[in-house]
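Atoms within each ligand, like the ligands themselves, are counted from 1 in listed order.
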Amino acid sequence: MTLAIIGGTGLTQIAELSITGEQTLETPFGSPSAPYVFGELNGHSLIFLARHGNPHRIPPHKINYRANIWGLHQLGATEIIGVAAVGGIGAAMEPAKIAIPTQLIDYSYGREHTFFADELEHVTHIDFTEPYTPSLRQRILRAANTAGIEVYDGGVYGCTQGPRLETIAEIKRMANDGCDLVGMTGMPEAALARELEIPYANISVVANWAAGIVDGEITMAEIEKNLLTGMSNAIKLLKATVLSSPT
Ligand code: HPA
C-alpha cells in the first residue's frame, strides 16, 4: 500500500515527514503542481504533493488536476487523501474544525475534469454515487477516534471555481442545495482519482465561516489563524491514519 497525501492551502509540506526522495514528472496531461516528495511517517512510506505548488503559487482554477492524479498513479499510489481548506456553511463547521465529508456538489467550470475524453474505445461513465471511498473515510474516522482528535463525520462539500470567495447569495444557494462546506479544489480531483480507481477521501479544514454566515468580511488574517490550528490537527490526524494503515 502506498498512501498519497495532496496538501492544500496551509499544508505545503509535512515537517514530520522524513524525506527519502523527490521526483519531478511529466505526464501525458502536462506537469503536476510540484515535485512528488517521498517520505516516511511512523515507518510507513508515503507520497506527498503540494496541490498549489511549493511555494504556494497555483490558484485553484489553474491547478493541473489531471497531471497531479496521473502522476500519483504512475508512481504507484494505492490511495489518496486530499487535504483542503474550506469555508464553513453548516452550523457544526466552525473555523479551525475538521470534517470528513461524505458527499460533494461541483460548481466549478472550465476545468480539465476527465481522463476519458480523447481516443476512447468506448464512452466511459464512472460510478460516483459515493464520491469519497467509504472504507478510507472509515479508517480516517477510526484513527481520529483512537488519537482523540475531534472530527465531524460527514458533510457535503461544494466546490466553487474561485479564486474569489463567494457572495452571501451564493452561499445561501449552496446552503439550500445542502452544502455544509465550500472549497475550491475538491473537484475534479475526487472524480479523477475514481476514474483511475484509486480510493480517495477528503480531510476538510475549516478556515473561516463562509460569506454571510456571520457578519462582516472574510479576512486573510482570520483564514491564516484558523488554518494554523486546523492544519496542525490535520497533520496529527494524517499521522494517526498512516499508523493505522496496512504496510
Ligand atoms: N470559500 C471557498 N473556499 C474556501 C473558503 C471559502 O470561504 N475558505 C477557504 N477556502
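- Linking ILVMFWY residues whenever their side-chain heavy atoms come closer than 4.5 Å, directly or via other members, places Leu237 and Phe48 in the same cluster.
- Residue Tyr152 is not grouped with residue Leu141 when hydrophobic side chains (ILVMFWY) are merged at heavy-atom distances under 4.5 angstrom, including chains of intermediate members.
- A side-chain donor-acceptor contact under 3.5 Å links His56 and Thr9.
- In this structure, the protein non-hydrogen atom closest to atom 4 (C) of ligand 1 is Val182 O, 3.6 Å.
- Within the set Asn226, Ile171, Asn208, the minimum heavy-atom distance to atom 7 (O) of ligand 1 is found for Asn208.
- In this structure, of Gly87, Ala85, Gly10, the residue bringing a heavy atom nearest to atom 5 (C) of ligand 1 is Gly87.
- The shortest N or O to N or O distance between Glu166 and ligand 1 is below 3.5 Å.
- The number of heavy-atom neighbours closer than 6.0 Å to CD of Glu222, taken from other residues, nucleotides and ligands shown, is above 12.
- Open room surrounds NE2 on His113; 12 or fewer heavy atoms of other groups in view lie less than 6.0 Å from it.
- In terms of polar-atom proximity, Trp209 is not counted as a contact of ligand 1, lacking any N or O under 3.5 Å from an N or O of the ligand.
- For atom 6 (C) of ligand 1, the closest non-hydrogen atom on the protein side is Leu165 CD2, 3.4 Å.
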